[in-house]
Protein chains: 2
Amino acid sequence: MTKYSKQIFQIIEHSRDHMTAEEIFQQLRNIYPTVVRATVYNNLHRLWEAGSIRKVVLEGQPDRYDRMERHDHLICKQCGKLSDVTLTDLTQQLEAQLGMPILSYDLKMTYLCETCQAKQEAERNDV
Amino acid sequence: MTKYSKQIFQIIEHSRDHMTAEEIFQQLRNIYPTVVRATVYNNLHRLWEAGSIRKVVLEGQPDRYDRMERHDHLICKQCGKLSDVTLTDLTQQLEAQLGMPILSYDLKMTYLCETCQAKQEAERNDV
DNA sequence: TTCTATTTTTAGAATCATTCTAAAAATTCT
DNA sequence: AGAATTTTTAGAATGATTCTAAAAATAGAA
């Protein structure tokens, strides 16, 4: 692990908001002002390959990076806000239904966040 | 609905293999040889926006399009093969755990397909 | 039908996240 | 130290997708 990969790993582990490569790059530049974007991409790739970080792929957005710890994702259908929830592990249940083992699963749920719910409520009253 | 959107919708509904925009474009050209890529993208976007088709976003691949009918996805970790499975609807269960309603969910599971399992087995015997 | 408005298609340029390339620098191994 | 490997760098390249502005098609109203 180099100073860059260590730092990038730290940034991801300690951020609760699923940063993009660009955001990580910006933050890393505060510490190492000469670092280059490719270094961030290289390290993210290596960390992900090594199974040290998760990649969260959302439509129409640059990839986001996330800590490994088991958890699921909630995405607001309106504003796209991404948040974490930890539901009970479904692995057993899924394997039982499939009748075979799985390696992992990725569960994303869409909902309407409080802010967007409030907005929608307001609109309804306006009209 | 225009001839193009109708046809594109048909292609997606009748294909079991989650086609990319490019693949749909190639197939559409067999019927309408002068059609242009942008038309495929435009129509895919409209169909998706209208909730008539699903978009399957996988890492490092162009987006794939899928029929709407409720089902989940299995992805081979090795070769990337994508297949459909229909497990019991988890909505109730998820909502109960979350304590709030959700709009939809997207469940992707990774596994090792038969082919890749066989390959891995063979390698193990070779070494 | 004829005029007008809206939607769709087209061609090609533009975008933008990400990957690639090849050289330089840093690190590790012997 | 010297050689080999890994990482970083700068910048070009890639490639899926979106955008733009004009042309064509379609739908609606008179």
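Chain A is the first sequence line, chain B the second, and so forth, proteins listed ahead of strands; every chain is numbered from 1. Quick note: numbers below take in every heavy atom, side chains included, and nothing from hydrogens, waters or symmetry partners.
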Item to check | Annotated protein contacts, base or backbone, on nucleotides 5-17 of chain C with a non-hydrogen cut-off under 4.0 Å, one of B, S, - each | outcome: ---SBBS-----S
Checklist entry - Does the pair B:D66/B:R64 count as a salt bridge with the N-to-O cut at 4.0 Å? => result no
Checklist outcome for this item: Contacts satisfying salt bridge (charged side-chain N to carboxylate O under 4.0 Å, His left out) that involve residues 77-87 of chain B (not counting sequence neighbours) are B:R67-B:D84
Item to check | Gap between atoms CG and C1', on B:L58 and D:dA16 respectively (whole Å) | outcome: 14 Å
Item to check | Atom pair distance, as rounded to whole Å: CD in A:E49 and C1' in D:dT6 | outcome: 14 Å
Next on the checklist: Can you list everything that forms a salt bridge (charged side-chain N to carboxylate O under 4.0 Å, His left out) with A:R29? Sequence neighbours excluded, please.
Outcome noted: none
Checklist entry - What is the distance from NE2 of A:H45 to P of C:dT18, rounded to the nearest Å? => result 13 Å
Checklist entry - Shortest non-hydrogen contact from B:Y111 to B:S83? => result OH-OG, 3.6 Å
Checklist entry - Using the C1' atoms of the five pairs at each end, what is the angle between the end axes of the helix from C:dT1-D:dA30 to C:dT30-D:dA1, to 10°? => result 30°
Checklist entry - Got a sec, which hydrophobics cluster with A:Y41, joining ILVMFWY side chains under 4.5 Å apart, including via others? => result none
Checklist outcome for this item: Between CZ of A:F25 and P of C:dT18 the distance, given in whole Å, is 13 Å
Would you mind writing out the side-chain donor-acceptor pairs for residues 49-59 of chain B within the sub-3.5 Å range, not counting sequence neighbours?
residue, atom, partner, partner atom, Å
B:R54, NH2, B:E69, O, 3.4
B:R54, NH2, B:H71, O, 2.9
B:R54, NH2, B:H71, ND1, 3.1

Checklist entry - Hey, does the side chain of A:Q7 reach the backbone of A:L28 with a donor-acceptor pair shorter than 3.5 angstrom? => result no
Item to check | Chi angles and distances behind the side-chain hydrogen bond (donor to acceptor under 3.5 Å, both in side chains) call for B:Q93, A:Q93 | outcome: CA-CA 12 Å; B:Q93 184 182 341; A:Q93 183 182 342; 2.9 Å; yes
